[in-house]
Amino acid sequence: MALLASTSKLASGARPVAASRRTAVRVQATSRVDRYSKNDIIVSPSILSADFAKLGDEVRAIDQAGCEWVHIDVMDGRFVPNITIGPLIVEALRPVTDKVLDCHLMIVEPELRVADFAKAGADIISVHAEQSSTIHLHRVVNQVRTRAAAAARALARAQSQSQTQSGYRIKDLGVKAGVVLNPGTPLSTIEYVLDQVDLVLIMSVNPGFGGQSFIESQVAKIRELKKLCLEKGVNPWIEVDGGVTPANAWKVIDAGANALVAGSAVFKAPSYRDAINGIKASKKPVAAAVA
Amino acid sequence: MASVTESLAANGNGACAAAAPLDALPAGRDRPAALISPSILSADFATLADECKRIVDLGADWLHIDVMDGHFVPNLTLGAPVVACLRKHSKAFFDCHLMVSDPAAWVQDFAKAGADMFTFHLEAVADVADLSASSAHPAVADLAKAVRAAGMQAGVALKPSTPAELVFPYIEAGLLDLVLVLTVNPGFGGQKFMEDAVSKCAPLRAKFPGLHIEVDGGVGPSTIDAVAAAGANVIVAGSAVFGAERPGEVIATLRSSVERAAAVGAVQ
């Protein structure tokens with residue numbers, strides 16, 4: 001279907017007219033996330049470190065600089081001591097890029113917001129494993145898939161009224177479900193949702209603010225997670241967020257992470273392209289002793 | 001912008017502009033100047049800096065920034081980091097409305113981010129049942145003082161069901177620069193303008209001529225006359241401005257309606 005036509009026109013820089021902004025979201029027949037291989041290293045720059053007053057320009061810049069995903073840090077001031085952005089930012093960015101919108105919900109009661117993010121055009125919706133976020137983790141993770149899919153189906157139905165049927169089935173509308181662990185949260189917390197999630201995000205800083213330093217203990221957690229996944233016969237994306245730079249990315253890649261979030265390491269760098277490539281090409285320093 | 005209400009309160013009489021402080025109301029008008037404060041929630045969030053410049057160039061006086069935490073209201077919008085980024089691109093007056101559960105927790109963040117007005121909800125600070133029209137609740141008073149101590153102006157917002165009288169004690173004590181009267185229930189989109197809520201402006205305007213009285217919720221060219229007649233001088237409009245083909249004309253329409261009412265309603 002010619003669903004991508006309008007998104008590529010908008011991604012080329014044309015400013016969407018305010019009135020048609022809400023109809024510019026195009027539901028994909030297949031998931032954007034499934035375009036990428038888990039054998040590749042994904043870089044997902046976090047807009048938390050970007051200029052919020054020029055988000056369209058910033059996202060276009062990282063898109064053109066070669067990132068695969070765009071990481072969106074949603075904070076509600078209750079789960080973490082900061083309030084950042086909500087679904088309306090995702091909605092505003094959807095027409096700007098065809099890359100994956102990778103949303104991390106640091107909020108309480110994420111089940112109340114899942115449909116909003118799906119409708120806004122999120123490709124990945126990740127919720128926290130800790131009980132202060134939700135006490136019904138298994139249910140919420142499945143809600144991301146089913147309710148998000150339902151919301152997207154409804155949207156697609158509304159949009160397809162003016163399009164001819166091509167015969168494809170809206171089976172998988174491509175919204176992936178992720179689960180997130182704070183630095184102090186053990187892997188055992190997610191043992192029984194590992195077979196339900198498309199992605200696991202390991203926080204290597206305490207969430208709430210950008211520009212913090214990488215917590216080294218999380219490398220072992222990543223390694224353990226990779227081992228656990230192999231034992232269970234599951235293969236979710238293993239994402240890391242917090243203090244990741246070209247200098248230390250190799251540690252988490254070596255441990256099994258294949259999606260790397262980087263905020264200040266990209267957006268505060270003089271060249272977004274060099275920062276993104278630097279993270280992907282990160283190598284253990286030759287002379288360094290292995291810790 | 002020195003507060004006229006402080007001078008009025010110092011006279012021990014908030015009802016009439018008898019004294020002559022620096023910015024006393026000029027003769028022939030019953031309220032401060034009209035101020036148009038479009039809500040950035042209706043702007044394109046991919047180009048916030050450009051949107052804000054565009055709307056200020058078209059005549060907006062303030063920029064209304066709706067902060068929602070997904071708990072006090074069932075919607076999550078934006079926080080201080082967005083305000084801080086916008087501050088670098090705009091010199092406009094940032095009129096921040098905090099629909100959050102614990103407004104005191106955000107005073108420093110918003111001050112650092114460059115907010116000019118910090119308007120918090122009465123209902124978020126104390127149970128409405130514990131509030132009275134005759135005495136100030138310490139939590140509300142303390143927060144208003146903390147806002148000013150942090151270098152911002154202090155406003156209090158009222159949900160449609162909260163009576164206007166409950167803010168009188170704080171205005172009389174000279175603690176507030178603005179009262180925000182909501183004419184829809186906050187957090188939900190596309191609601192209808194509530195006429196009975198806008199009437200709350202009248203007792204406020206009668207008692208405090210120098211007070212900034214702001215109205216937000218479904219305000220546009222079709223509802224502005226009722227808002228102006230009720231006594232408001234600060235006008236928030238979202239889709240009516242940002243969604244308009246000619247926002248400059250809408251802003252001018254809103255302004256002239258308030259100015260007409262200000263002249264007509266003046267106490268002789």
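Below, chain A is the first sequence line, B the second, and so on; all start at residue 1.
Side-chain N or O atoms of A:Arg78 include none that pairs as donor or acceptor with a backbone N or O of B:Asp69 at under 3.5 Å.
Neither the backbone nor the side chain of B:Val83 comes within contact range of chain A; no heavy atoms are under 4.5 Å apart. Using a 4.5 Å cut-off between heavy atoms, A:Leu48 makes no contact with chain B at all.
Contact count versus chain A (heavy atoms, under 4.5 Å) is highest, among B:Val100, B:Val82, B:Val67, for B:Val82. Top candidate by heavy-atom pairs under 4.5 Å with chain A, chosen from B:Ala80, B:Cys85, B:Ala105, is B:Cys85. Between chain B and the options A:Ala53, A:Gly56, A:Gly86, heavy-atom pairs under 4.5 Å are most frequent for A:Ala53. The residue among B:Cys52, B:Gly79, B:Gly70 with the most heavy atom pairs within less than 4.5 Å of chain A is B:Gly79.
Qualifying side-chain hydrogen bond (donor to acceptor under 3.5 Å, both in side chains) partners for B:Lys159, counting only residues two or more places apart in sequence or in other chains: none.
With contacts defined as side-chain heavy-atom distances shorter than 4.5 Å, the pair B:Pro74/A:Arg113 qualifies. Side-chain contact between B:His71 and A:Ile107: absent, with no pair of heavy atoms (C-beta onward) separated by less than 4.5 Å. For the pair A:Ile83/B:Trp106, a side-chain contact is recorded, criterion being any heavy-atom separation below 4.5 Å from C-beta on.
With respect to A:Leu88, the side-chain contact (heavy atoms from CB on, under 4.5 Å) criterion is satisfied by exactly one of B:Leu78, B:Thr77, B:Leu76: B:Thr77.
Sorted by first and then second residue, the salt bridge (Lys or Arg N to Asp or Glu O under 4.0 Å) pairs involving residues 96-110 of chain B (not counting sequence neighbours) form an empty list.
In this structure, the separation between CG on B:Leu48 and CZ on A:Phe52 is 10.5 Å, given to the nearest 0.5 Å.
Between A:Lys54 and B:Asp50, at least one side-chain N (NZ, or NE/NH1/NH2) sits under 4.0 Å from a carboxylate O, which counts as a salt bridge.
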